[in-house]
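Just so we're clear, the structure is a prediction, and the values are computed from it rather than from any experiment. Atoms within a ligand are numbered from 1 in the order they appear, just like the ligands themselves.
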Amino acid sequence: MSLADFQVVVGLEVHAQLLTQTKIFSPVSTTFGAEPNASTHPVCLGMPGTLPVLNEAVVELAVRAGLALGCEIRARSVWSRKHYFYPDSPKGYQITQYDQPICEHGRVGEVRIRRIHMEEDAGKSVHDADGTRSLVDLNRAGTPLLEIVSEPDLRSADDAVEYLKALREILMAVGVNDGNLEEGSFRCDANVSVMKKGASELGTRCELKNLNSFRFIKQAIEVEAARQVELLEGGKAVVQETRLFDPDRGETRAMRSKEDAHDYRYFPDPDLPPVVVSPSLLERVRSALPELPAAKRERYAAELKLSPYDAGLLSGAWSQLFEATLKAYGGEAKKVANWIIGEVSRLQNEVSEPSKLTPELLAALLKAVDAGRISANAGKDVLGEVYRSGRGVDEVIAAKGLEQVSDVAAIEAAVDAVIAQSPSEAASFKAGKTALLGFFVGKVMKAMKGKANPKVVNELVAKKLG
Ligand code: ADP
Ligand code: MG
């Protein structure tokens, strides 16, 4: 037996921080990166005698996410306490939803979403490198989260990554989450099991933590599945537990045995009334829902005649830039698509500072290239500068001296001069050796320091000699 005799099964639990201004139960900012413990409040510090007050925006965003993911929205959902002790959770319990979550039964493509519930995030423990001291930062405590739980419908690490990318794109498109894996605002735990191919019962699963990039998620699932197969092949059993992925060593390590629900002593939180989603709230959120990535993808392919590949790339985070540029430009959608997918995304990977590019600037650049004022190559150069500085396209073209000469009289003079200097080549050309066109064009371009519009040069040389 080998890995190929087994089927990998994955179910994902995603924690997505909601883009609210303030925390879920206290009126302090959720801004990332503040001084440790600067963004705290007696409620999120767990001070005795304080009472949580629900931030209404959380419910609205949860409903928005639920609708975007095709869920049923529960009209009356309940807050529960989930008890555990950890220094980053000073109350000794997490306020979450348990048996009556706000959303259920959604899907992302073919993958079923079991439930989505609202909860508060915990703080963070910060450990000194030498292991002598641990400090607690409670800025994150009380940040609103959605926990989005899939059914075990995924069948490979690649499946899992594809699902996560699609989910992330949808949450970002509806303005619920910023999709930042690195900062931890979009996090995922992966439940992984293996079973013999064709088996009807799922195997015992392990839950993997600490997966903060798509690359690690894929790697962690693959090495965990291989570990489980090896155990089973050796006649051993997989033990259900929580495991930590160590990206440096490329392995998963046991972290703790799996808790059962009863370990948490869940009960309804007496401090908070049930969450009521009225029909009017539901309708208001539904009618304000923007076009979702899947619908965009179809529209780009059908109406704008983009390839499925281009439409897929542009229907996510690039869609705003793409659509606004196309509108300001008024030309071919395919051209806008090519510049964004090629040059703009390359710059995004290459430049660490945030982009200063606007749809108006990109449209102006495309028009300058179309009009032959600059070559496509010069356009890339100009785009790089505009992307970094936000300076105007005309200004950058002028500053870099990239303007092409399209002035027919000036080019004509250069063409005449070149022909006069090369009488024998001119005669050969006229005798039928048209391959010499490049020779003349090259000489004219050189005489004009590379700034002549090559299209005009070609036309004039051919006309004069032909
Ligand atoms: P619990 O309630 O104990 O946390 P659940 O059965 O609700 O466990 O599942 C939690 C997550 O684990 C879900 O995302 C689910 O899809 C996934 N999961 C459950 N069983 C398996 C399995 N055998 N293999 C892979 N994933 C699984
Ligand atoms: Mg949870």
Heavy atoms only: which of Met195, Arg205, Arg114 is nearest to atom 18 (N) of ligand 1? Arg205
If we set the cut-off at 4.0 Å for heavy atoms, which region of Leu12 has an atom near ligand 1: side chain, backbone, both, or neither?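 Backbone only.
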What I want to check is whether the side chains of Asp370 and Tyr329 have a donor and an acceptor closer together than 3.5 Å. yes
Using a strict cut-off of 4.0 Å, indicate which atoms of ligand 1 neighbour a heavy atom of [X].
{"X": "Asn191", "result": "11 (C), 12 (O), 14 (O), 17 (C), 25 (C), 26 (N), 27 (C)"}
{"X": "Gly203", "result": "23 (N)"}
{"X": "Glu151", "result": "16 (O)"}
{"X": "Val149", "result": "13 (C), 14 (O)"}

Which residue is it: Leu146, Leu19, Thr20? I am looking for the one with a side-chain contact (heavy atoms from CB on, under 4.5 Å) to Val176. Leu146
Checking side-chain contact (heavy atoms from CB on, under 4.5 Å) against Arg187, which of Asn212, Leu145, Leu181 comes through?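 Only match with Arg187 under side-chain contact (heavy atoms from CB on, under 4.5 Å): Leu145.
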Do His15 and Glu147 have side chains that approach each other closer than 4.5 Å (heavy atoms only, starting at C-beta)?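 Touching, per the 4.5 Å side-chain cut-off.
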Please name the pair of heavy atoms, one in Phe6 and one in Lys197, separated by the smallest distance, quoted to 0.1 Å.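 Reported closest heavy-atom pair: O-CE, 3.5 Å.
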Taking all atoms of both residues into account, what is the closest heavy-atom pair of Val275 and Trp79, and its distance? CG2-NE1, 3.1 Å
Is there a nitrogen or oxygen of Ser193 sitting under 3.5 Å from a nitrogen or oxygen of ligand 1? yes
Compute the shortest N/O to N/O distance between Leu202 and ligand 1 and return yes if it is under 3.5 Å, no if not.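 Such a contact does not occur with ligand 1.
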